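Since we're looking at a predicted model, the values are computed, not measured. Counting convention: from 1, in listed order, for ligands and their atoms alike.
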Amino acid sequence: MKNDSVSLTIDGKPVQAPAGTTLLLAAKDNGIDIPTLCYHPELKPEGHCRLCVVEIGAAPSTRLVNSCTYPVEPGLVVQTASAKVLASRRMVLELLMAQAPAAEIIKQMAADLGVIETRFTKGDPAARCILCGQCVRTCREVAGVSAISMAFRTPKKRVATPFKEESEACIGCGSCVFICPTGTIAYTEKDGIRTVWGRKFELQPCAKCGNYIGPKAQLEHWAKLTGDPVESFYTCKDCR
Ligand code: SF4
């Protein structure tokens with residue numbers, strides 16, 4: 001065993017994983033897929049959706065933990081699909097089905113585990129948001145902007161721009177839209193205008209091929225970050 005690797009058992013299989021990695025990634029590296037809705041490799045995991053729970057320890061003292069945040073430990077015994085784990089996942093999916101009845105991905109994940117209906121009271125039939133926070137984290141950690149945040153308290157909690165008005169900070173990059181697992185965030189592009197979070201952004205065409213590169217506001221943001229003139233971003237990556 002290398003000094004920087006940890007030996008543990010996942011689903012009865014002895015595996016080695018880099019010290020400091022999570023159970024989710026150790027399982028993935030060994031071909032074991034654990035479902036999740038709020039994990040993304042570019043973001044710091046926060047364990048919001050609770051779908052990635054796994055059972056750790058030996059009977060009778062086992063417990064469920066979020067595999068996306070729990071680090072590998074030497075000798076740890078992990079079960080990713082025990083009866084306890086599957087019961088927990090089904091319960092989480094039933095809760096999410098009630099919270100976001102229009103989210104197709106949740107219905108699909110639930111059906112994969114044999115859950116067709118939720119026993120909980122459904123909210124707005126058009127609701128898709130599961131409050132996983134990936135959009136907020138992406139805006140903060142990837143776009144570096146923090147244009148959106150969680151607003152209000154449960155049961156009115158939602159992702160919103162400040163005061164539910166057009167966000168001055170938003171650069172229209174669309175990262176929040178693309179990362180959202182349930183397709184919640186409205187986004188359109190038409191006639192050189194991108195609309196997201198209710199704000200319209202003029203798109204910059206490539207100086208060479210004319211294809212749209214991105215919103216002018218985003219290119220200005222990049223120019224500010226790098227100190228390069230904004231015109232240096234007016235050529236798309238295919239024409240550079
Ligand atoms: S589109 Fe706006 S809110 Fe969404 S990630 Fe980009 S800057 Fe943030």
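For the side-chain hydrogen bond (donor to acceptor under 3.5 Å, both in side chains) test, no residue two or more places apart in sequence or in another chain qualifies with His40.
Under a cut-off of 6.0 angstrom, the local environment of NZ in Lys28 is sparse, with at most 12 non-hydrogen atoms contributed by other residues, nucleotides or ligands.
Note on Tyr70: it clusters hydrophobically with Ile32, by side-chain heavy-atom contacts below 4.5 Å among ILVMFWY residues.
Within the sub-2.8 Å shell of atom 8 (Fe) of ligand 1, the protein contributes these N/O/S atoms: Cys139 SG.
Of all non-hydrogen atoms in Cys239 and Thr235, the two that sit nearest each other are CB-CG2, 3.7 Å.
With values rounded to the nearest 0.5 angstrom, Glu168 atom CD is found 5.5 Å from Arg199 atom CZ.
Protein heavy atom closest to atom 1 (S) of ligand 1, with residue, atom name and distance, is Gly174 N, 3.2 Å.
In summary, Glu42 and Arg137 do not engage in a salt bridge, as defined by a charged side-chain N under 4.0 Å from a carboxylate O.
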